[in-house]
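Please read the structure below before turning to the comments.
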Amino acid sequence: MMKCCCLIVFIFCTFDVSNGGVLSRMCHASNGTCGGKGVPCNDTFGSGWLSNGLCCNDRPCCKFLKAPCVPETCPKGFKLLSNQTSSANCYYSSPADPATWNTWNTAEDHCASTDGAYLWRPNTEQEAIAIKNEVNYPSPMRLWTGANDIDNDGIFTFALENGSLSFNDLPFGIVGAPRNESCVMIINVVALWGWTKEPCTNVYPYICEYKLRVCP
Ligand SMILES: *[C@@H]1O[C@H](CO)[C@@H](O)[C@H](O)[C@H]1NC(C)=O
Ligand SMILES: *[C@@H]1O[C@H](CO)[C@@H](O)[C@H](O)[C@H]1NC(C)=O
Ligand SMILES: *[C@@H]1O[C@H](CO)[C@@H](O)[C@H](O)[C@H]1NC(C)=O
Ligand SMILES: *[C@@H]1O[C@H](CO)[C@@H](O)[C@H](O)[C@H]1NC(C)=O
Ligand SMILES: *[C@@H]1O[C@H](CO)[C@@H](O)[C@H](O)[C@H]1NC(C)=O
């Protein structure tokens with residue numbers, strides 16, 4: 001890179017031939033790049049570039065500040081609820097045909113195969129109702145949740161999402177059949193929701209959940 005300070009032009013200017021612009025000292029010191037005269041930096045260099053002072057000849061001194069937050073859409077196979085009052089997350093629902101139902105581990109693996117997705121964490125009854133309205137599983141509807149105590153420490157946590165589930169303080173609904181197994185299924189009978197500890201090898205349909213990243 002050929003640079004020279006040119007006293008004749010301006011004391012404050014430094015030639016930077018590679019950018020074709022005349023850097024001011026401040027722009028040079030900040031590792032900036034000269035943009036086009038009268039043109040916003042992002043138009044010249046793309047989004048994330050902002051004006052950060054001036055170059056000589058009234059050109060903006062441009063710097064790449066940060067990658068913009070790009071609003072996300074749901075991953076392939078996932079969709080938003082039609083009623084998003086209770087949750088703005090994306091959901092995948094496994095097929096309704098009992099022949100396709102899966103063990104907890106297979107369900108969890110399938111959810112985790114989408115980066116950032118996890119086996120459902122039911123948070124509110126409204127969310128559960130909104131999901132019920134989207135799916136077509138046989139009644140009573142039984143679904144795997146991500147909650148499990150596969151490590152047998154007595155504490156139920158949601159796989160990948162890592163939140164905990166206490167059977168003494170359920171987010172909604174009641175404790176279902178009093179079993180002492182490691183994987184948590186949620187059952188819906190009319191307006192009633194029950195949580196039960198089931199053998200992980202049982203097969204049920206399941207919901208995968210994905211939280212969209214929100215731009216500030
Ligand atoms: C400019 O770049 C140099 C070398 O890459 C770096 O050491 C210096 O901290 C940078 N200065 C600023 C203000 O970013
Ligand atoms: C440049 O930034 C302005 C305001 O920040 C924005 O309205 C415009 O869409 C941006 N242009 C590009 C090409 O990103
Ligand atoms: C959407 O869900 C909320 C509760 O989460 C409920 O109050 C509202 O009535 C629902 N809207 C429709 C159109 O079903
Ligand atoms: C959950 O915990 C695992 C293991 O500690 C970690 O790798 C993962 O990033 C955590 N997930 C979230 C959403 O915090
Ligand atoms: C439930 O299972 C755990 C682990 O297998 C065992 O430690 C615990 O005593 C059992 N509790 C009941 C009430 O059977």
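Counting convention: from 1, in listed order, for ligands and their atoms alike.
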Does Leu50 form a side-chain contact (heavy atoms from CB on, under 4.5 Å) with Cys41? I'd like the steps, not just the answer. CA-CA 6 Å; Leu50 290 181; Cys41 289; 5.7 Å; no

For atom 11 (N) of ligand 4, is the nearest protein heavy atom under 4.0 Å away? yes

So which heavy atom in the protein is nearest atom 4 (C) of ligand 3, and how far is it from that ligand atom? Gln126 CG, 3.7 Å

Taking atom 7 (O) of ligand 2 as the reference point, report whether a protein heavy atom occurs under 4.0 Å from it. no

Could you check Leu119 against Cys111 for side-chain contact (heavy atoms from CB on, under 4.5 Å), going step by step and ending with a plain yes or no? CA-CA 6 Å; Leu119 197 49; Cys111 290; 3.7 Å; yes

Which atoms from ligand 4 have a heavy atom of Asn162 less than 4.0 Å away? 1 (C), 2 (O), 3 (C), 8 (C), 10 (C), 11 (N), 12 (C), 14 (O)

Return a yes/no value: protein heavy atom under 4.0 Å from atom 14 (O) of ligand 3? yes

For residues Phe156 and Phe167, establish whether the separation of their ring centroids is below 6.0 Å. yes

Do the rings of His110 and Tyr92 sit parallel, tilted or perpendicular, given the 30° and 60° boundaries? perpendicular

Counting the benzene-type ring for Trp, do Phe172 and Trp195 have ring centres under 6.0 Å apart? yes

Which ligand 4 atoms does Leu160 reach within 4.0 Å, using its non-hydrogen atoms? 1 (C), 10 (C), 11 (N), 12 (C), 13 (C)

What is the nearest protein non-hydrogen atom to atom 2 (O) of ligand 2, stated with its residue, atom name and distance? Asn42 ND2, 2.2 Å

Out of Leu81, Asn133, Asn83, Thr124, who gets a non-hydrogen atom closest to atom 1 (C) of ligand 3? Asn83

Identified side-chain contact (heavy atoms from CB on, under 4.5 Å) counterpart of Cys200 within the set Asn105, Val184, Thr103: Asn105

